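Reminder, nothing fancy here: chain letters follow the sequence lines and each chain counts from 1. What you see below is based on every heavy atom in this structure, not just the backbone, and it leaves out hydrogens, waters and symmetry mates. Bear in mind the structure is a predicted one, so any value in this text is a computation, not a measurement.
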2 protein chains.
Amino acid sequence: MGVVTLKDVAKVAGVSYATVSRALSGSPEIGESTRKRVVRICEEMGYTPNSVARSMVMKRTNIIGLIVTSIDNPFMSEMTAHLEIYARKCGYNLMVCNSSYDLNLEKEVFSLLMGRKVDGIILIPVGNESYDSLKNLTAQVPTVFIGENMLDLPENYVSVDNTNGMQQATEYLYSLGHRSILYLGAREKSMTHQLRVDGYLNACKKLGIEPNVIRNSDPRSSFRVGYALAKAHFETPFSETAILCAADTLAIGVIQAAYEKGIRIPRDLSLMGFDNISFSALPPIDLTTVNQPKQELAVAALDMLINRIKKPEASHTKTILSPSLVIRNSCRAIGD
Amino acid sequence: MGVVTLKDVAKVAGVSYATVSRALSGSPEIGESTRKRVVRICEEMGYTPNSVARSMVMKRTNIIGLIVTSIDNPFMSEMTAHLEIYARKCGYNLMVCNSSYDLNLEKEVFSLLMGRKVDGIILIPVGNESYDSLKNLTAQVPTVFIGENMLDLPENYVSVDNTNGMQQATEYLYSLGHRSILYLGAREKSMTHQLRVDGYLNACKKLGIEPNVIRNSDPRSSFRVGYALAKAHFETPFSETAILCAADTLAIGVIQAAYEKGIRIPRDLSLMGFDNISFSALPPIDLTTVNQPKQELAVAALDMLINRIKKPEASHTKTILSPSLVIRNSCRAIGD
DNA sequence: GTAAATTCCGTAAACGTTTTCGTCGATTTT
DNA sequence: AAAATCGACGAAAACGTTTACGGAATTTAC
C-alpha cells in the first residue's frame with residue numbers, strides 16, 4: 001500500500017540500496033547486467049524517486065521561484081508560460097507567487113521561497129523600491145530580475161531597452177506627422193517606466209517638440225488605470241493628436257475611454273502602446289505598439305539564473321534585448 | 001557563511017535541538033522562559049526552518065501542483081491568480097505546469113508532480129480523455145479537477161453548470177427575437193463542451209428552433225480558432241442572426257473575422273460567449289456572455305482538495321456552481 | 001515526610017536519498 | 001606465482017528536521 005522506496009527495491013533485487021541508486025543515476029560504478037536487472041525491477045514495482053529526500057542530501061531542489069506582480073496580467077502570464085516550459089526542459093519546476101503589487105508581500109513571498117530552498121528566484125519587481133527592500137535577501141539566493149533595469153544596479157537582470165523602444169515609438173509618431181504627443185501612464189517608483197519616459201523625452205528633445213507626460217501613482221498597469229487617466233484627460237479640450245502609452249494594457253483602457261467619448265481611433269486620435277500583449281493584435285484593438293520579445297526574455301532570464309546557480313560567486317550580469325516596432329492600425333498619418 | 005540550522009541555534013542557546021524545534025512549533029512541552037529565549041536567539045541568528053527537511057519527516061510538502069492547459073489563456077491565468085492567493089493563505093504553495101493541450105504531456109507532468117511529493121493536484125484537464133489517461137495516477141494522490149464535469153465521473157471536481165449556462169444564453173437570444181442561432185466551437189473530446197452544447201440543444205428543442213452546431217477539433221479555445229471557424233462560415237451566405245460561442249476567446253476571434261468581412265456587431269449579427277474573461281468587458285469587445293465565478297471555483301477547488309488531503313479515504317465529491325448571464329452590448333433585439 | 005504526579009528537557013530514531021570509503025574477488029602486471 | 005591494479009558492490013554517514021520515549025527536577029497530594 002505504502003509508496004515503494006529504494007529500500008524496497010533493494011530488498012527485492014537482493015542488492016544494497018546504494019546499488020539501486022547507482023543503477024538509476026547512470027553511475028559508471030555498476031555492472032551492466034545488474035543495472036538492467038535493477039532498472040527492470042524498479043519499473044515492475046513502480047518505483048519513483050522521492051525528490052524531497054534527494055533534495056535533502058543534494059542540497060538543491062531543482063525548483064525555481066517565480067514572483068510576479070499578478071499572474072493574470074497578460075504580459076506576466078505570457079512570460080510565465082515561456083518560463084515554465086523552458087524551465088521544465090532544463091529540469092526545473094516553477095513555484096509561482098503573486099506579490100499583488102505590494103512591496104511587503106513581495107518580501108514576504110521571497111522569504112517564503114527561500115525557506116522552501118528554491119535554487120533560484122526570478123522576480124518581476126513591484127517597482128524600483130524592490131531593490132532596496134530585497135537587498136539583504138537577494139544576496140542569499142541566486143536571483144534574476146526581469147523588466148526593471150538600470151545600468152548601475154548591482155543585480156542580475158534581463159530587460160528590453162526601454163528607452164530605445166519608446167524613442168522608436170515617438171519617432172514613429174513624429175514620422176507620421178504628429179507634433180503634439182501625449183505620454184500617458186508613466187508609473188512612479190518604477191525604473192522601467194522612468195526609462196521609457198526618458199526615451200520619449202529624448203526623442204522630443206531631438207525632434208524639437210514639446211513633451212507632455214501624465215504620470216500614474218497606481219502600481220498597476222491595468223485597463224482600469226488607463227481608462228481613468230484617459231477619461232480625466234478627455235474631460236477638458238486637448239490638442240494632442242497622438243497618445244503614447246506606457247503599456248498596452250493602459251492603451252486598451254484608453255480605447256475604452258475614447259470609445260465612450262466618441263473619439264475614434266485612429267481617425268481622431270492616434271494611439272500607441274508598449275509590450276505587445278497578445279490582445280493587442282486583435283482587430284477591434286489592433287494596436288500599434290513596441291514588442292517585448294517575451295520568449296527571448298524568458299530564456300535569457302533562465303539561462304542567466306541557471307548559470308548563477310552553478311557558479312554563485314560570479315559577478316552580476318545584465319542582458320538587454322532589443323524591442324521592435326509593431327505597426328498595426330491605431331495610428332494614422334496627418335499633414336504637417 | 002553557511003545557512004544557520006537548528007543545531008547551530010541549539011548550540012548557541014545551550015539547549016538540545018529538540019527544544020529549539022519545540023520552541024518554534026508552539027509545543028506545550030516547553031517552559032515559557034526558555035521558549036522566549038530560544039525564539040529571540042533564532043531571530044538574532046536569522047534562522048529559517050528548512051522546509052525540505054521538515055517535509056522529509058512530516059511526509060508532506062505543503063505544495064499543491066497545478067496543471068493548466070496553458071497559463072497564458074486568460075481564463076486559466078485568472079483562475080491561477082485566485083488559486084495561488086488562496087492557497088498561500090491556507091499554507092500551501094503552488095507548483096505550476098502547462099500541459100500544452102497534450103494528453104501525454106499532461107500525464108508526464110502529473111507524474112513529475114507526484115515525484116515531487118506534492119500534497120495534492122488541481123487539474124484543468126486537456127479533455128475528456130484525461131480521465132482515462134490519468135486514472136492510475138489520480139488514485140495515488142489527492143486530485144481535484146476543475147471545469148470538466150460529468151455526474152457519473154468517479155473523481156473530485158468543481159465546475160459551473162455548463163448545460164444550464166448555455167441554456168440561459170440560448171433563451172436570452174431567443175427572448176431578443178433570434179430564431180436562427182448558430183452554435184460555434186463545440187470542442188470534440190471535451191465533456192465541458194459537450195455539456196454546453198447540450199444546453200444549447202435542450203433550449204432549441206424546448207423553444208422549437210432548429211439547432212446548428214459548428215464543431216471544432218482543435219484542443220485549444222483560442223482567438224485563432226474562433227477566427228478560423230468564423231471566417232470559413234462567413235465565406236458563404238448565411239441566415240443566422242446570432243452566434244453563440246463555446247468560449248469568450250472564440251467569440252473574440254469571431255469579432256475579428258466579422259470585422260474583416262464588414263459584418264458589424266451587434267447591428268448585423270449578435271454574438272455571445274461563455275466564461276466572462278476580463279477582456280470581454282472592454283468596450284471595443286463588450287461581449288455579452290455567461291459568467292464563470294472564477295474566485296468561487298478556485299476557493300471551492302482548494303477547499304475540496306485540502307479536505308481530501310486531510311482525509312484521503314473520503315469518497316469523491318462534486319461541487320457545481322451556478323453560471324450567470326452578463327449582458328453587455330454584443331446582442332441586439334430583432335423583430336419576429 | 002514520602003509517594004505520586006507533573007513539568008521540562010535531552011537522547012535518539014526516523015524520513016529516503018546520495019556518496020565516500022572500504023572490501024572482496026577477478027584481472028593484469030612483473 | 002606473487003604483487004599490483006581494477007571493477008563491482010556493500011556499509012555507513014550525512015542532509016535538517018520532528019517526535020516518541022525516558023529521566024531529572026519540581027510540584028502536588030496525603
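Atom-to-atom distance recorded for B:Ile124:CD1 and B:Ser159:OG is 11.0 Å, nearest 0.5 angstrom.
The end-to-end axis angle of the helix from C:dG1-D:dC30 to C:dT30-D:dA1, rounded to 10 degrees and based on five pairs per end, is 40°.
Interface residues of residues 54-62 of chain A facing DNA chain D, ordered by number: A:Met56, A:Val57, A:Lys59; criterion, heavy-atom separation under 4.0 Å.
Among pairs with a residue in residues 11-30 of chain B, those fulfilling side-chain hydrogen bond (donor to acceptor under 3.5 Å, both in side chains) read B:Ser16-B:Thr19, at least two apart in sequence or across chains.
At a threshold of 4.0 Å, the pair B:Glu32-B:Arg35 counts as salt-bridged, since one of the basic side-chain nitrogens sits closer than that to a carboxylate oxygen.
Heavy atoms of B:Ser21 sit under 4.0 angstrom from at least one base atom.
A donor-acceptor pair shorter than 3.5 Å can be found between the side chains of B:Ser130 and B:Glu106. A donor and an acceptor atom, one from each side chain of A:Asp119 and A:Thr61, are located under 3.5 Å apart.
Contacts between chain A and DNA chain D, taken as any atom within less than 4.0 angstrom of a protein heavy atom, begin and end at D:dA8 to D:dG16.
Pairing each heavy atom of A:Ile71 with each of A:Asn98, the nearest pair is N-OD1, 2.8 Å. Of all heavy-atom pairs between A:Val38 and A:Ala23, the closest is CG1-CB, 3.7 Å. The shortest heavy-atom contact between B:Cys42 and B:Val20 is SG-CG1, 4.1 Å.
Contact of the A:Arg88 side chain with the B:Leu105 side chain is registered, since non-hydrogen atoms from C-beta on lie closer than 4.5 Å.
Atom CZ of B:Arg40 is surrounded by more than 12 heavy atoms from other residues, nucleotides or ligands within 6.0 Å.
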Solution key, residues 136-147 of chain B side-chain donor-acceptor pairs under 3.5 Å, sequence neighbours excluded:
{"unit_1": "B:Thr138", "atom_1": "OG1", "unit_2": "B:Leu134", "atom_2": "O", "d": "3.4"}
{"unit_1": "B:Thr138", "atom_1": "OG1", "unit_2": "B:Lys135", "atom_2": "O", "d": "3.2"}
{"unit_1": "B:Thr138", "atom_1": "OG1", "unit_2": "B:Glu155", "atom_2": "OE2", "d": "3.0"}
{"unit_1": "B:Gln140", "atom_1": "NE2", "unit_2": "B:Asn136", "atom_2": "O", "d": "3.1"}
{"unit_1": "B:Thr143", "atom_1": "OG1", "unit_2": "B:Val141", "atom_2": "O", "d": "2.8"}

Next item on the list: Mind running side-chain contact (heavy atoms from CB on, under 4.5 Å) on A:Cys97 and B:Asn93 for me, showing each step along the way?
Entry: CA-CA 8 Å; A:Cys97 291; B:Asn93 282 106; 3.7 Å; yes
Pairs: protein N or O with nucleotides 7-11 of chain C N or O, under 3.5 Å:
{"unit_1": "C:dC9", "atom_1": "OP1", "unit_2": "B:Thr34", "atom_2": "OG1", "d": "3.1"}
{"unit_1": "C:dC9", "atom_1": "OP2", "unit_2": "B:Gly31", "atom_2": "N", "d": "2.7"}
{"unit_1": "C:dC9", "atom_1": "OP2", "unit_2": "B:Thr34", "atom_2": "OG1", "d": "2.9"}
{"unit_1": "C:dC9", "atom_1": "N4", "unit_2": "B:Glu29", "atom_2": "OE1", "d": "2.9"}
{"unit_1": "C:dG10", "atom_1": "OP2", "unit_2": "B:Ser16", "atom_2": "N", "d": "3.0"}
{"unit_1": "C:dG10", "atom_1": "OP2", "unit_2": "B:Ser16", "atom_2": "OG", "d": "3.0"}
{"unit_1": "C:dG10", "atom_1": "OP2", "unit_2": "B:Thr19", "atom_2": "OG1", "d": "2.3"}
{"unit_1": "C:dG10", "atom_1": "N7", "unit_2": "B:Arg22", "atom_2": "NH2", "d": "2.8"}
{"unit_1": "C:dG10", "atom_1": "O6", "unit_2": "B:Arg22", "atom_2": "NH1", "d": "3.2"}
{"unit_1": "C:dG10", "atom_1": "O6", "unit_2": "B:Arg22", "atom_2": "NH2", "d": "3.0"}

